[in-house]
Amino acid sequence: MANKKALANPTYKKLPLKNFKNFEEFYPFYLGEHANQINRRLHIIGTTSAFLFIIYMFLTFKFQFFFVIFLIGYGFAWIGHFFFEKNKPATFKYPRWSLQGDFQMWKEVISGSRDF
């Protein structure tokens, strides 16, 4: 049986903001910005809903609603940050890595590696 890769920041410890060189450095910080369980759950719900909406768009050819993907995904996430985590989303400073972090956290939760 292969060893599972250790989870980054499994306790969601808050880490200082710095100039990150790559995603591997950024991801533990990203997780620390999601210490609140409700915030994390809202992220998972938003990302899953956005994925489902993308499937719906392709099945129904309703591409004029493309912008709704962002309303769903960011809407849930920003509610989590502003009302529960009470912090500013990392998306504003690190947009690409934040999106990658959201997908990574989603993958870890869906696979059962990280608690929901």
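Note that the coordinates shown come from a computational prediction; the quantities given were computed from them, not determined experimentally.
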What is the distance from atom [atom1] of [X] to atom [atom2] of [Y], rounded to the nearest 0.5 Å?
X: Leu42; Y: Phe76; atom1: CG; atom2: CZ; answer: 7.0 Å
X: Asn9; Y: Leu15; atom1: CG; atom2: CG; answer: 5.0 Å
X: Ser113; Y: Lys107; atom1: OG; atom2: NZ; answer: 8.0 Å

Between [X] and [Y], is there shared hydrophobic-cluster membership here, with clusters defined by ILVMFWY side-chain heavy atoms closer than 4.5 Å?
X: Tyr30; Y: Leu17; value: yes
X: Ile55; Y: Phe103; value: no
X: Leu52; Y: Ile44; value: no
X: Phe58; Y: Val68; value: yes

If you take all heavy atoms of Phe116 and Val109, which pair is closest and at what distance? CD1-CG1, 3.7 Å
Looking at every heavy atom in both Tyr74 and Thr91, which two are closest together, and how far apart are they? CE2-CG2, 3.9 Å
Are Lys21 and Phe26 packed together at the side-chain level, in the sense that at least one heavy-atom pair is separated by less than 4.5 angstrom? no
Ring pair (Phe, Tyr, Trp, His ring centres under 6.0 Å) with Phe29: of Tyr12, Phe20, Trp97, only one passes, and it is Phe20
Please work out whether the ring planes of His34 and His81 are parallel, tilted or perpendicular, with thresholds of 30° and 60°. perpendicular
Tell me whether the rings of Phe70 and Phe66 are parallel (<30°), tilted (30 to 60°) or perpendicular (>60°). perpendicular
Are Phe51 and Trp106 close enough that their ring centres sit under 6.0 Å apart? yes
If you apply the rule side-chain contact (heavy atoms from CB on, under 4.5 Å), what do you find for Arg114 with Leu31, and how did you get there? CA-CA 11 Å; Arg114 189 173 291 278; Leu31 292 168; 3.3 Å; yes
Is a donor on one side and an acceptor on the other found under 3.5 Å between the side chain of [X] and the backbone of [Y]?
X: Asn36; Y: Glu85; value: no
X: Thr48; Y: Ile45; value: no
X: Lys14; Y: Gly32; value: yes

Kindly state each residue pair satisfying salt bridge (Lys or Arg N to Asp or Glu O under 4.0 Å) with at least one member in residues 27-42, sequence neighbours excluded. none
Greater than 12 external heavy atoms within 6.0 Å of [X]'s [atom1]:
X: Phe61; atom1: CZ; value: no
X: Phe63; atom1: CZ; value: yes
X: Phe23; atom1: CZ; value: yes
X: Asn22; atom1: CG; value: yes

Indicate whether the side chain of Gln104 and that of Glu108 have a donor and an acceptor atom separated by less than 3.5 Å. yes
Working for side-chain contact (heavy atoms from CB on, under 4.5 Å), residues Phe65 and Lys62: CA-CA 6 Å; Phe65 297 115; Lys62 294 186 179 182; 3.8 Å; yes
Where do Gln64 and Met57 land on the side-chain contact (heavy atoms from CB on, under 4.5 Å) test, with the steps shown first? CA-CA 9 Å; Gln64 69 270 29; Met57 276 186 357; over 6 Å; no
